[in-house]
Undergrad: 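Below you will find the structure I want to go over with you.
The chains referred to below are lettered A, B, ... by the order of the sequence lines, with proteins before strands, and numbering in each begins at 1.
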2 protein chains.
Amino acid sequence: MNLTSIYDKKLRNSGLRPTKQRIKICEALFDSEKTFHFSINDLANIINNKSSLKISLATIYNTVHAFKEKGYLKQIPLNTNQAYFDTNISDHHHFYDVNDKKLIDLDNSDVGPINIYKKINGKKIKSIEVLVKLED
Amino acid sequence: MNLTSIYDKKLRNSGLRPTKQRIKICEALFDSEKTFHFSINDLANIINNKSSLKISLATIYNTVHAFKEKGYLKQIPLNTNQAYFDTNISDHHHFYDVNDKKLIDLDNSDVGPINIYKKINGKKIKSIEVLVKLED
DNA sequence: ACAAACTTTAGAATCATTATAAACTACGAA
DNA sequence: TTCGTAGTTTATAATGATTCTAAAGTTTGT
């Protein structure tokens with residue numbers, strides 16, 4: 001089965017129609033084995049620079065949010081003015097290099113087990129994310 | 001020594017002139033023993049609702065950034081559209097309740113030791129921040 | 001009291017993101 | 001296949017947070 005039909009199935013299974021825009025966004029995000037980090041603007045540039053089909057910013061926003069909802073993307077908690085997303089949806093963490101303003105994955109195996117001793121009544125833990133800031 | 005003169009000294013020591021706006025912002029932030037989390041808008045409301053001296057938004061932005069630079073405030077890494085700050089500048093972490101959209105401090109003692117095994121050449125760790133998302 | 005440097009401010013500008021509503025497309029039923 | 005409906009895309013406008021600007025005001029050392 002080729003990638004396009006995999007994306008087609010993925011979209012259908014999520015209740016999203018496999019439009020050519022969404023397939024193209026899937027290609028930009030998931031064709032490579034390597035995962036990566038991106039802002040909406042990064043993604044718009046990646047797609048609209050190397051393809052004849054231009055996709056509007058609104059569609060890219062909509063699609064990224066839909067994919068985030070469906071769990072195909074994660075948003076990275078950061079204190080920057082724009083949102084950053086990750087195609088690596090495994091449980092993992094991040095380095096943030098404050099000088100180079102770059103994100104680097106920290107696999108779960110790169111971080112020792114994290115124990116949270118405090119409990120909040122009626123709430124359960126949904127995720128644990130570690131941000132390690134780096135400087136020169 | 002009263003609080004106002006402590007703030008005066010704090011500001012002078014940081015190379016910031018102790019203007020009445022900055023003193024008032026210090027009062028709003030640091031008078032209470034309790035630390036708290038706030039957005040710029042929260043802070044503007046706190047100050048401008050309970051005081052006759054109205055401080056412009058621009059000044060509040062400037063001052064919060066200056067205080068963050070000086071280490072009197074911390075910005076909390078989150079994926080929200082607006083910036084959140086913390087008057088608790090000790091090493092600590094956060095719960096974020098995704099249903100109630102509320103932040104709760106997680107003291108260092110509430111979290112087991114965190115070990116980072118990965119190293120990046122020429123970079124050193126500046127901070128480690130854990131965000132624990134909670135849901136119902 | 002004075003000049004220089006620093007601050008505050010209102011308002012404009014910018015940037016990221018979301019909303020709108022009209023045109024377009026996919027899809028299932030007939 | 002054709003049609004109607006629901007879902008999608010798009011340009012553009014609207015919003016909201018934040019930053020910039022430049023003029024007016026304040027602080028400070030002398």
Side-chain angles (χ1 to χ4, degrees), chain A residues 4-5 7-28 37-48 51-70 72-73 75-85 101, chain B residues 4-5 7-28 37-48 51-70 72-73 75-85 101:
Chain A
T4 299
S5 55
Y7 299 145
D8 187 288
K9 181 167 294 182
K10 181 172 187 158
L11 289 165
R12 282 179 202 283
N13 288 343
S14 319
L16 298 169
R17 287 185 180 168
T19 62
K20 58 185 188 308
Q21 289 85 350
R22 285 176 179 158
I23 296 286
K24 187 156 281 299
I25 292 171
C26 280
E27 287 167 7
H37 307 120
F38 64 93
S39 68
I40 296 286
N41 244 308
D42 294 339
L43 183 56
N45 290 333
I46 290 168
I47 290 170
N48 291 330
S51 163
S52 48
L53 169 66
K54 305 297 181 200
I55 303 180
S56 78
L57 249 196
T59 297
I60 295 178
Y61 271 99
N62 289 340
T63 304
V64 166
H65 284 145
F67 285 6
K68 181 187 166 190
E69 290 299 306
K70 300 299 178 182
Y72 304 148
L73 291 173
Q75 188 174 350
I76 305 169
L78 275 181
N79 39 29
T80 51
N81 41 343
Q82 69 209 312
Y84 278 84
F85 299 88
K101 298 186 194 312
Chain B
T4 299
S5 56
Y7 299 145
D8 187 289
K9 182 167 292 182
K10 181 172 186 156
L11 289 165
R12 281 179 202 284
N13 288 344
S14 318
L16 298 169
R17 289 183 180 170
T19 62
K20 57 185 186 310
Q21 289 85 350
R22 286 175 179 158
I23 295 286
K24 185 156 283 298
I25 292 171
C26 280
E27 288 167 4
H37 307 121
F38 63 94
S39 69
I40 296 286
N41 243 310
D42 294 338
L43 183 57
N45 290 332
I46 290 167
I47 290 171
N48 291 329
S51 164
S52 49
L53 169 65
K54 306 297 181 199
I55 303 180
S56 78
L57 249 194
T59 297
I60 295 178
Y61 271 97
N62 290 341
T63 305
V64 166
H65 284 144
F67 285 6
K68 180 186 165 190
E69 290 300 305
K70 298 300 178 182
Y72 303 148
L73 290 173
Q75 187 174 349
I76 304 168
L78 274 181
N79 39 31
T80 51
N81 41 344
Q82 68 209 313
Y84 278 83
F85 298 88
K101 299 187 193 311

Undergrad: Answer yes or no for B/Lys10 and B/Tyr72: cation-pi contact, defined as NZ/CZ to six-membered ring centre under 6.0 Å and angle to ring axis within 45°.
TA: yes
Undergrad: Hey, can you pull the residues of residues 55-65 of chain B with a non-hydrogen atom under 4.0 angstrom from DNA chain C?
TA: B/Ile55, B/Ser56, B/Ala58, B/Thr59, B/Asn62
Undergrad: Using chain B heavy atoms and a threshold of under 4.0 Å, write down where along DNA chain C the contacts begin and end, 5' to 3'.
TA: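 Counting from the 5' end, contacts occupy C/dA5 to C/dA10.
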Undergrad: CD of A/Gln82 versus P of D/dT18: gap in Å, rounded?
TA: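 Rounded to whole Å, this separation is 14 Å.
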Undergrad: Are B/Leu43 and B/Phe85 close enough that some pair of their side-chain heavy atoms sits under 4.5 Å apart?
TA: no
Undergrad: Output the pairing pattern of DNA chain D as a dot-bracket string, 5' first, Watson-Crick or G-U wobble with both distances under 3.5 Å, | for cross-strand pairs, [ ] for crossing pairs.
TA: ||||||||||||||||||||||||||||||
Undergrad: Could you measure the distance from the CG atom of B/Asp8 to the CD1 atom of B/Ile23? Nearest 0.5 Å is fine.
TA: 5.0 Å
Undergrad: I need the B/Asn48 CG to B/Ile55 CD1 distance, nearest 0.5 Å.
TA: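 CD1 of B/Ile55 is found 6.5 Å from CG of B/Asn48.
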Undergrad: Please name all residues satisfying side chain to side chain donor-acceptor pair (under 3.5 Å) with B/Asp42, sequence neighbours left out, ordered by chain then number.
TA: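 Once residues adjacent in sequence are excluded, the partners of B/Asp42 under the side chain to side chain donor-acceptor pair (under 3.5 Å) criterion are B/Ser39.
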Undergrad: With sequence neighbours left out, write down each residue that passes salt bridge (charged side-chain N to carboxylate O under 4.0 Å, His left out) with A/Lys24, or none if nothing qualifies.
TA: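 A/Lys24 satisfies salt bridge (charged side-chain N to carboxylate O under 4.0 Å, His left out) with A/Glu27 only.
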Undergrad: Can you tell me the distance, in whole Å, between the CG atom of A/Leu11 and the P atom of D/dG7?
TA: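 Computing the A/Leu11:CG to D/dG7:P distance gives 16 Å.
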Undergrad: Can you measure from CG (B/Asn62) to CG (B/Leu57) and round to the nearest 0.5 angstrom?
TA: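 Spacing of CG (B/Asn62) from CG (B/Leu57) equals 10.5 Å.
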Undergrad: Figure out the CG/P separation between A/Asn81 and D/dG16, and round it to whole Å.
TA: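 Atom CG in A/Asn81 sits about 18 Å away from atom P in D/dG16.
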Undergrad: Could you check B/Leu16 against B/Thr63 for side-chain contact (heavy atoms from CB on, under 4.5 Å), going step by step and ending with a plain yes or no?
TA: CA-CA 10 Å; B/Leu16 298 169; B/Thr63 305; over 6 Å; no
Undergrad: Report the distance from atom CG of A/Asn45 to atom CD1 of A/Ile40, rounding to the nearest 0.5 Å.
TA: 11.5 Å
Undergrad: Any side-chain to backbone donor/acceptor pair from A/Arg22 onto A/Arg17? Under 3.5 Å, distance only.
TA: yes
Undergrad: Indicate the atoms forming the closest heavy-atom contact of A/Ile47 with A/Ala28, along with that distance.
TA: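 In this case the closest contact between A/Ile47 and A/Ala28 is CG1-CB, 3.7 Å.
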Undergrad: Which pair of heavy atoms, one from A/Lys70 and one from A/Ser14, lies closest together, and at what distance?
TA: NZ-O, 3.1 Å
Undergrad: Could you state the CG-P distance from A/Leu53 to D/dT8, rounded to the nearest angstrom?
TA: 16 Å
Undergrad: Mind listing the residues from residues 12-27 of chain B sitting with a heavy atom below 4.0 Å of DNA chain C? Number order is fine.
TA: B/Gly15, B/Leu16, B/Arg17, B/Thr19, B/Gln21, B/Arg22
Undergrad: Just how far is it from atom CG of A/Asn41 to atom CD1 of A/Ile46, taken to the nearest 0.5 Å?
TA: 10.5 Å
